[in-house]
Amino acid sequence: GDTADVYLHISGDPGTKDLKELHMRFRIVDDDSLPPSFSEFAPGIVPADSSFYITCKITDPSGVFDDGTGSGGQGVYLLWDADGSLANGAHEVTMSSIGAGYYRSDLQIGPHGTGDVVIYQVHACDNDCDGGKISDRSCAFSAQHAVQIVGSTYLVDQPGSLQPKSVYPG
């Protein structure tokens, strides 16, 4: 478990028997007090008029809990929108494990037009429930990510990579 230090300092004029300062150190016996971590988000760019799945990696020492209920319980889900804000009117899509810690949206998002930007955020809880208490689970959400919708898929060329000697060596 983690160790926590708590310092309490009371300002003002204490009485003769009043406590002016207190320091306590205690150990958190919970074996997993941190929420899941999120990484490896995809895609970043999608061609216009195409639908797409969103994937990411979610890791936690206790594992990731998913009861399939989305925001109605403790399921893995994402919120997305194409108006630049998740604050009101965001769409919810549950996500499912596809193996090795990766999760994919259960439904495709789109299609969208050229120049649109789909923003999203992934939500998940860990599978820590010491003593059978589901309230022991730590839940979190990822940073906000974006998918750029482009008119055509483009290739970034490294200088000289498409010259004949690079394509057909020898």
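All values below come from the heavy atoms of this structure, side chains included, with hydrogens, waters and symmetry mates left out.
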Starting at [atom1] of [X], measure out to [atom2] of [Y] and round the result to the nearest 0.5 Å.
| X | Y | atom1 | atom2 | result |
| --- | --- | --- | --- | --- |
| D83 | N88 | CG | CG | 7.0 Å |
| L79 | I119 | CG | CD1 | 10.0 Å |
| L78 | T55 | CG | OG1 | 10.5 Å |
| Y53 | Q108 | OH | CD | 4.0 Å |
| N127 | D60 | CG | CG | 8.5 Å |
| M95 | D66 | CE | CG | 10.0 Å |

Cluster check L34, F65: I/L/V/M/F/W/Y, side chain < 4.5 angstrom
no
Common cluster, V93/Y77, ILVMFWY with side-chain heavy-atom separation under 4.5 Å
no
Do you know the tightest heavy-atom contact between [X] and [Y]?
| X | Y | answer |
| --- | --- | --- |
| G151 | A48 | CA-CB, 4.5 Å |
| C139 | Q74 | SG-NE2, 4.2 Å |
| G68 | T94 | O-CG2, 4.1 Å |
| V117 | A146 | CG1-CB, 3.8 Å |
| F41 | C56 | CD2-CB, 3.5 Å |
| Y120 | L86 | C-CD1, 4.2 Å |

Side chain [X], main chain [Y], donor-acceptor under 3.5 Å:
| X | Y | result |
| --- | --- | --- |
| D128 | S62 | no |
| E92 | G70 | no |
| D126 | P36 | no |
| Q144 | Q121 | no |

As a quick check of understanding, evaluate side-chain contact (heavy atoms from CB on, under 4.5 Å) for Y103 and V122, giving each step before the final call.
CA-CA 10 Å; Y103 287 76; V122 178; over 6 Å; no
Side chains of S50 and P111: does their closest heavy-atom pair fall under 4.5 Å?
no
Take the angle between the ring planes of W80 and H112 and call it parallel below 30°, perpendicular above 60°, tilted in between.
perpendicular
Joining Ile, Leu, Val, Met, Phe, Trp and Tyr whenever any side-chain heavy atoms lie under 4.5 Å apart, the cluster holding I98 also takes in Y102
Contacts of type side chain to side chain contact (heavy atoms under 4.5 Å, CB included), residue S96, not counting sequence neighbours
D106
